[in-house]
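Heads up, the thing below is written out as structure tokens.
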Amino acid sequence: MYSRIYDSIKNQLQEILKDKHDITTELVWSKPHSSNLGDLSFPLFNVAKETSLTPQDIGKELIENFPMMSIIDRSELKGGFLNLFINQNEFAKIILSEIISLDKYGKSNLKEKKRIIVEHTSANPISPLHIGNIRNSILGDVIGRLYRFLGAKVNFRYYVNDLGRQIAPVIIGYFLLNNDGIKPDTKIDIWIGKIYALMNTFLEIYQIKSEFESLSLIPDIESSSYELSEAEIEYYQAKLDTSSVDQQQKERMLKQLLKLLRVQNSLKEKLSELYLQLKNLLVLNVEDLDDLANKYLVGYLAGEDKEMVDKFRKVTQNTLSGHTETLNLYNIYHDDFDWESEVSWGGEVGKILAQLDKKEFLRHDGQALLLENDKIASQLGFKEKYNINYEIPDLILVNSEGIALYPCRDIAYHLHKLEKFNANYCINVIGKDQQLAQLSVRTALYGLGEHEKADKILHYDYEIVTLVGGRMAGREFEYVTCDELFIMAKNEIETILENRDYSTEIKEDIAKKVSISSIRYSILKIDSQKIVTFDAKKAVDPNENTGPFLQYSYARALNILQKAPKKGIDADSIIQSVKQINFDIRKEIEWKMISLMEELPFVLKRALTQLKPDTVANYAFSLASVFHKFYDACPVLLAKDKDSLDTRIAIVYSFTKCLESLFEVMGIDTLEKM
RNA sequence: GACCCCGUAGCUCAGUUGGAUAGAGCACCAGCCUCCUAAGUUGGGGGUCGCGAGUUCGAAUCUCGUCGGGGUCGCCA
């Protein structure tokens, strides 16, 4: 609960206590549950304890001494609490005048803007965005929007992870199809996502078969290297049983076989035509997919083979164009894209490793290099600073083949990321499972002597989104894409719109905006630390979602203001001269509206300092909910007299201003009608 | 074994520096459009806040322990 007015009352009371008793205990106030306990309430127990007086005595003293302000009607002592009853009309005048006079209520316009980088989405650039990715995007987007609304200059960055091992097979598959004249039959990123799922499965099948081959287990069954049959599985299973392979490996291989069979069959069913085309092309053109994929990746990593670079870029750029299209549909925009490959080509990684090694922060194990997190953190004050009192595990930076892994490039990237935008802070929206990797980026920067930079980096972590059946797996084509989700939501909304008397264009606009708000809100409202189990039916049901509820409250409010002239009411001039209004609050729900609207700026500030965008969503819901109740209980245009009419018009208009601010932060579109 | 997160109504979740009688939505039951858009609203039932201690005038909230679920912890990104 937040209130500037209540805070100032608190401060006055605090002054009295300081004068009389030299008290250090901080007074706190809260809004009582029931209106007959007043509008704000101070528990006096702690103060009583420090003065060794009773709460009653302290209360009496406070009542006797504080200057009666016009904002307070009366006071009451009850059960150790000092309860104050507010002059609600006075309060309304102050707050509503303020809301109405401001361009955007709750917005900060600082002259010297903080510069903030928000890195978000950074999805696998070989498959379309799915519901798991969009949680990242929406959280990142809203955090950035919050910063911007509260006066920061925000730079949205997308880090393109284009050096993953899983990418090379996709490139191979993409160009096999392309050269064979097979064209994409869907949106490009979805097309590439299909190739990814197929190629990855073909590769894994190839690999497990090679593994059996190396054990001299070769079934006498006609088959390709890229396909598994039931008969082969039976053969492998039987042979494994009698082989000398150790138990653990047996189990692993068997498990992998069964998984691959399941995935293969499911892909065969889902992507039947493409499955066959790609498999046949592989059989014809590629003898050893594993080897070829490695050659591709090595070629791209070096960055010198122009043709190879073009191939990788073509595919990943295509995917990204699909991502961008989807993100824009969801009201999400990036300013810059950073390529992991460019970090690699920059040659920074080698220097960083050398430097860390020189300072003896790397542990060698054969060719492998491990970052000694705990050593760095203990020696350089990192643990004290971040209050870590356990042993931080090492992180592997270079594998035993001497290949630098992802975290190396992440360290190099962060070394320059802040400079690229001259940022005060950098927020990385990255899943919770990356906790150690993200922590290691900062310890590594400490190890390099870049304390200041490390301290500017914040890992904003969030929990995964799971499907009802299990995790989402891009490799298995097991996901609901954001595009699909949007269509599903839109269809639901369109059935509601059927009996509305709007033009097709307007219906289309409403359906789009409501769908997006519905999805955005449903993700936003959940605490980032909670695992979301995604249920498509619920996600798409307008009755379950609050996005439409918010937009509807806005449309209703606007409708009142628009209808006013027809009833001979000049709403505009009432609003213009809000300071002249003789406020007359008659119902508790009117007071609730006003008291809740006062909290908005504080809700936003707190959401930012705590990085909890869900609190904005939940506040918006409370406000809209109170408005709907107000709407039913308090007819505005039929108000019985001028004072009541003016009061209610001011409330309705202020409410629209509140929602406009909240919508801007949440990335939800306003609608004039629904 | 170490560390991080979660556990509140049948389901999904709020619950703010510890405050008075723990709240919504969905689902279920019963109402409200001659009145600003019923994507709304009114009422009802439904709770051992995982469990156990501790601190406190006061604990869903803080501390410790414990149970259950998820995640991370040397060769994925």
Side-chain angles (χ1 to χ4, degrees), chain A residues 1-2 26 28-30 32-34 37 41-43 45-46 48-49 55 78-81 83 122 124 161 163-167 340 363 365-370 388 390-401 403 405-407 409-410 431-437 439 461 463-464 466 493 496-497 500 514 518 522 525-533 535 538 541-549 551-553 555-557 559-564 566-567 599 602-603 606 610 612 614-615 617-619 621-622 625 628-629 631-639 648 652 673-674:
Chain A
M1 272 175 267
Y2 286 90
E26 182 92 1
V28 290
W29 61 264
S30 60
H33 295 129
S34 164
L37 293 173
S41 156
F42 294 88
F45 307 99
N46 288 336
K49 203 173 179 185
K78 203 169 191 177
F81 291 84
N83 297 333
S122 303
N124 203 357
N161 305 129
L163 289 184
R165 278 199 106 72
Q166 72 277 27
I167 292 193
E340 188 184 351
R363 190 154 60 79
D365 186 359
Q367 277 206 77
L369 292 176
L370 291 97
I388 294 170
Y390 56 88
E391 191 180 327
I392 311 175
D394 293 346
L395 184 79
I396 184 139
L397 294 181
V398 174
N399 72 14
S400 48
E401 287 162 28
I403 295 170
L405 302 174
Y406 174 82
R409 296 183 288 273
D410 216 11
K432 212 175 176 46
D433 51 351
Q434 305 280 335
Q435 223 157 208
L436 178 61
L439 184 70
D461 64 343
E463 269 290 2
I464 51 162
T466 64
I493 309 290
I496 297 176
L497 279 169
R500 292 283 202 284
V514 172
S518 176
S522 66
K525 71 174 175 186
I526 307 290
D527 186 315
S528 65
Q529 297 300 315
K530 282 203 160 95
I531 296 171
V532 171
T533 306
D535 181 337
K538 280 189 177 179
D541 184 349
N543 295 322
E544 291 245 1
N545 287 302
T546 309
F549 181 87
Q551 287 171 312
Y552 185 52
S553 71
R556 281 179 128 185
N559 195 246
I560 294 174
L561 299 174
Q562 282 169 351
K563 285 263 167 79
K566 283 183 194 156
K567 308 239 174 186
E599 293 187 24
F602 304 90
V603 170
R606 185 172 52 102
Q610 300 182 347
K612 279 174 69 70
D614 53 297
T615 57
N618 286 307
Y619 168 77
F621 171 70
S622 317
S625 178
H628 280 303
K629 290 176 173 68
Y631 182 94
D632 265 46
C634 307
V636 176
L637 301 179
L638 298 171
R648 288 175 182 179
V652 171
K673 48 178 137 180
M674 277 175 72

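Chain identifiers are assigned alphabetically (A, B, ...) following the order of the sequence lines, protein sequences preceding nucleic acid strands; residue numbering begins at 1 within each chain. Note that these values count all heavy atoms, side chains included, but never hydrogens, waters or copies made by symmetry.
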Take atom [atom1] of [X] and atom [atom2] of [N], then tell me their distance rounded to the nearest Å.
X         : N       : atom1 : atom2 : answer
Lys530(A) : rG7(B)  : NZ    : P     : 4 Å
Glu463(A) : rC4(B)  : CD    : C1'   : 9 Å
Lys49(A)  : rG58(B) : NZ    : C1'   : 11 Å
Asn543(A) : rC28(B) : CG    : P     : 11 Å

Ring-base stacking, Phe45(A) with rG19(B) (5.5 Å, 30° cut-offs):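 It does: the two rings, one from Phe45(A) and one from rG19(B), meet the stacking criterion.
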Near-ring test Phe621(A)/Phe549(A), centroid separation under 6.0 angstrom: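 Yes; Phe621(A) has its ring centre under 6.0 Å from that of Phe549(A).
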Touch check for [X], heavy atoms < 4.0 angstrom, all strands: base, sugar-phosphate only, or nothing?
X         : answer
Leu497(A) : base
Asp365(A) : base
Asp541(A) : nothing
Leu405(A) : sugar-phosphate

Toward the 5' end of RNA chain B, by each residue's nearest nucleotide, Val514(A) or Asn399(A):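 It is Val514(A), whose closest nucleotide lies nearer the 5' terminus.
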Between Asp461(A) and Gln529(A): side-chain donor-acceptor atoms closer than 3.5 Å: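 Per modelled atom types, Asp461(A) and Gln529(A) side chains form a pair under 3.5 Å.
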